[in-house]
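In this chain, numbering begins with 1 at the start of the sequence shown.
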Amino acid sequence: MSSPEIEPEADATGPGALPVVAPQLRALRRRASLTLEAAARAAGLSPAHLSRLETGQRQPSLPMLLALARIYGTTVSELLGETAADRDAVVRAADMEPTAAGGWTYWQAGAPGRGMQALRVHVPYGAQGDIVRVHPGEEWLYVLEGRLRLRLGDTTHRLAPGDSAHFDSLTPHRIAAQDQDGVELLFVHTLLQSPTATLCLGPIPGETP
């Protein structure tokens with residue numbers, strides 16, 4: 001599935017930069033035995049764009065990190081340089097460091113190196129509401145604060161605090177905060193341990209989130 005490139009990333013030297021990601025991206029791509037061209041095509045990027053991410057010239061957004069983690073058969077935690085030695089069963093609130101990427105703020109709510117990725121996410125109003133996601137696996141989300149607009153295929157759902165959704169990630173989906181203050185979510189997704197797992201991102205032409 002071809003798609004437009006993901007929204008422009010911030011300069012890697014700006015606020016919230018993730019310098020450790022650049023060497024990890026290259027190392028994990030090579031570990032997955034993927035060429036730059038093949039990995040870029042699977043993530044819906046140009047080879048030049050992926051090359052800039054690998055050299056630290058650009059900062060990836062959270063959806064892009066999720067995409068590359070699935071493609072490389074790993075986790076966002078490993079992309080961020082966290083090691084399997086940090087695998088504790090309990091994650092303390094004080095140890096959850098916020099990370100800003102692509103307009104979102106997220107906190108690792110689970111241990112790295114597992115078969116599922118658990119995150120607490122703040123989605124600002126209007127952030128990435130036009131990005132459509134399609135990828136293998138399952139997703140579960142739970143609204144903590146604010147109201148969420150969830151598009152699954154041709155159906156739009158509006159979720160309030162306490163509402164949740166569990167769906168097959170091969171269903172084209174996108175999320176957007178409905179309130180100006182944004183929305184707080186718990187988010188869990190499965191990680192396909194396969195270099196062929198893909199994520200297609202891009203706006204739906206002519207539609208409003």
Side-chain angles (χ1 to χ4, degrees), residues 6-21 43 53 58-70 75-82 86 88 90-112 114 116-135 137-152 156-167 169 172-191 199 201-203 208-209:
I6 304 170
E7 73 282 359
E9 275 70 52
D11 188 279
T13 59
L18 306 173
V20 72
V21 173
L53 294 177
R58 292 294 178 190
Q59 176 187 343
S61 65
L62 173 58
M64 192 179 296
L65 288 174
L66 292 172
L68 293 171
R70 289 187 179 99
T75 65
V76 172
S77 297
E78 188 171 7
L79 288 180
L80 295 175
E82 299 176 9
D86 298 325
D88 291 327
V90 175
V91 180
R92 302 294 181 186
D95 296 330
M96 295 183 188
E97 294 291 334
T99 299
W104 297 20
T105 303
Y106 68 99
W107 296 259
Q108 293 284 351
R114 302 292 188 181
M116 296 186 298
Q117 187 82 6
L119 304 168
R120 182 164 65 89
V121 182
H122 174 76
V123 182
Y125 180 75
Q128 303 174 354
D130 61 347
I131 297 176
V132 180
R133 302 174 176 86
V134 180
H135 54 87
E138 294 184 14
E139 294 187 29
W140 175 87
L141 58 85
Y142 178 91
V143 180
L144 295 170
E145 297 180 18
R147 293 180 299 167
L148 175 72
R149 184 186 300 114
L150 171 66
R151 181 74 178 264
L152 291 175
T156 298
H157 305 271
R158 288 173 171 79
L159 282 67
D163 292 340
S164 63
H166 188 174
F167 53 91
S169 303
H173 54 283
R174 58 179 175 175
I175 65 175
Q178 196 167 336
D179 299 326
Q180 292 287 340
D181 291 336
V183 62
E184 297 278 341
L185 305 173
L186 289 178
F187 175 72
V188 178
H189 65 93
T190 57
L191 293 165
L199 179 67
L201 306 177
T208 303

| task | Taking the side chain as every heavy atom from C-beta outward, state whether T156 and R149 have any pair of such atoms under 4.5 Å apart. | result | yes

| To the nearest 0.5 Å, how far apart are OG1 in T99 and CD in E97? | 8.0 Å

| field | Audit row: D163, H157, side-chain contact (heavy atoms from CB on, under 4.5 Å) steps and yes/no | value | CA-CA 11 Å; D163 292 340; H157 305 271; over 6 Å; no

| query | Going by the angle between their ring planes, with limits at 30° and 60°, are H189 and F187 parallel, tilted or perpendicular? | reply | tilted

| request: Consider only side-chain N and O atoms of Q108 and Q117, and report whether a donor and an acceptor are under 3.5 Å apart. | output: yes

| Less than 4.5 Å apart, any side-chain heavy atom of L119 and any of W104? | no

| request: List the atom of M96, the atom of A109, and the distance in Å for their closest heavy-atom pair. | output: CE-CA, 4.0 Å

| field | Over all atoms of both residues, closest heavy-atom pair of V183 and G146 | value | CG2-C, 4.1 Å

| query | If you measure from CG on L144 to OG on S164, what distance do you get to the nearest 0.5 Å? | reply | 11.0 Å

| task | Provide the closest heavy-atom pair for A177 versus P124 in the form atom of the first, atom of the second, distance. | result | CB-O, 3.8 Å

| message | Around atom CG of D181, are there more than 12 heavy atoms from other residues, nucleotides or ligands closer than 6.0 Å? | response | no

| message | What verdict does the side-chain contact (heavy atoms from CB on, under 4.5 Å) test give for V143 and L185, after you've listed the backbone C-alpha separation in whole Å, the side-chain angles of each residue and the deciding distance to 0.1 Å? | response | CA-CA 5 Å; V143 180; L185 305 173; 3.9 Å; yes

| Minimal non-hydrogen separation, M64 against L53, with atom names | SD-CD1, 3.1 Å

| query | Taking atom OH of Y142 and atom NE2 of H166, what is their separation to the nearest 0.5 Å? | reply | 16.0 Å

| task | Take V121 and L141 through the side-chain contact (heavy atoms from CB on, under 4.5 Å) test and state the conclusion after the steps. | result | CA-CA 10 Å; V121 182; L141 58 85; over 6 Å; no

| For L159 against A165, the heavy-atom pair lying closest together | CD2-CB, 4.1 Å

| request: Calculate, to the nearest 0.5 Å, the distance between atoms CD and CZ belonging to E184 and R120 respectively. | output: 6.0 Å

| When rounded to the nearest 0.5 angstrom, what is the spacing between CG in L150 and CZ in R158? | 10.5 Å

| Considering all heavy atoms, the nearest T105-P98 contact | CG2-CB, 3.9 Å

